[in-house]
2 protein chains.
Amino acid sequence: MARPTNTQFAVAVHLLTYLAGRTDGTPVSSDELSGSTNANPVHVRRVLGPLREAGLVRSRPGVHGGWELAVDAGDITLAQVWRLLQGADPVFGLHGPDPECAVGRSVQQTLTALERRVADAVATELERFTVRDTLNGAVAAPAQSADV
Amino acid sequence: MARPTNTQFAVAVHLLTYLAGRTDGTPVSSDELSGSTNANPVHVRRVLGPLREAGLVRSRPGVHGGWELAVDAGDITLAQVWRLLQGADPVFGLHGPDPECAVGRSVQQTLTALERRVADAVATELERFTVRDTLNGAVAAPAQSADV
DNA sequence: GAATTCGCAATCATCATGACTACGGATTGG
DNA sequence: CCAATCCGTAGTCATGATGATTGCGAATTC
């Protein structure tokens, strides 16, 4: 199926959780972080970049530099992370119908409206959890899955 | 845009709406459908295949063959279509963390649980609409978007 | 001044998606 | 029976998104 192509959200949650688990106040280098996420340092920096701009994390260059949380883990909702990294991505892809077809135009409007509804639903669900929850393993699977 | 690649759900909604709009009982060929969706006939058949297996549409070969709805448009929820085509796709991609890292394993479990929750949320939202709604343009944007 | 680490640009490999072609099978109509 | 139409499916190809990797510069610490 549509394989997990964009993993930035997953990596970000991992990184934030890792940082939240660091009790000593020392920053963590991209190198160390890349080891845990099995990614490379450049990618780590690219993922953390938007989070830094949003004020969630700090970075410092230099010998004992690295990354650390800028706010409490309990104050970072997963919805925030989602919006920063993948919130602009459509949940389902749109297609380009024949512009001359009346049905096509109507369907396109419908799909756009749907997209926003679904994106809202995703954000609402992610709003319920924070990085602290992920650190504590407090994110449980739903009682019953609607799958199939 | 992470998800922009897989447009099968969008195409399927388009195709079903097109079929629902056909008042005369004659089947529609893949060729005609491909014109409206701006795709090619083979792709149309590939998208409609799972819907046929689920009993939502029928197809007939031969001279006056083609596709038609097998059930009432009001009985086809968008969630059904979603599950058949993209329901198995993760909403956000998972990454492959270092299996030796305790944080990594924990985060992975959390993300898997999250994935199911979010997938449920999407399905629940799509459950609210049917192909008839898309035909009537009855899918409105939400009152306020949670974007940004 | 040397070592460390972030910041960023540029290139490359991989993979999902969909377009396209080709051929076979089923059905209709003469 | 034969031709035309249309689905069914396999196979190949182009495109685009994603992430790996390298290289170089700037900032900071010691």
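We name chains A, B, ... by the order of the sequence lines, and we start the count at 1 in each one. The analysis underlying the following values was restricted to heavy atoms, covering all of them including side chains, and did not include hydrogens, waters or symmetry mates.
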query: So what does B:G49 touch, heavy atoms closer than 4.0 Å: a base, only the sugar-phosphate, or nothing?
result: nothing
message: For a quick check of understanding: with a heavy-atom distance under 4.0 Å over all strands, which category does B:R46 fall into, base, sugar-phosphate or nothing?
response: base
Integer-rounded Å distance: [N] [atom2] and [X] [atom1]:
X	N	atom1	atom2	answer
A:R58	C:dT5	CZ	P	18 Å
A:H95	C:dG18	NE2	P	11 Å
A:F9	D:dG19	CZ	P	14 Å
A:H43	C:dG7	NE2	P	15 Å
B:D31	D:dA4	CG	P	17 Å

task: Quick one: pull up SG in B:C101 and NE2 in A:H14 and give me the separation to the nearest 0.5 Å.
output: 4.5 Å
Using a cut-off of less than 4.0 Å, is there contact between a side-chain N or O of [X] and OP1 or OP2 of [N]?
X	N	value
A:H64	D:dC30	yes
B:R60	C:dT27	no
B:T7	C:dG18	yes

- prompt: Taking atom types as modelled and ignoring hydrogens, do the side chains of A:T77 and A:T130 form a donor-acceptor contact shorter than 3.5 angstrom?
  reply: no
5′-ward residue of the pair B:V63/A:S30 relative to DNA chain C: A:S30
message: Please determine whether the number of non-hydrogen atoms from other residues, nucleotides or ligands lying under 6.0 Å from atom CD of A:Q108 exceeds 12.
response: yes
message: Between A:V71 and A:L15, is there shared hydrophobic-cluster membership here, with clusters defined by ILVMFWY side-chain heavy atoms closer than 4.5 Å?
response: yes
- request: Would you kindly compare A:G65 and A:Q8 by the position of their nearest DNA chain D nucleotide and give the one closer to the 5′ end?
  value: A:Q8
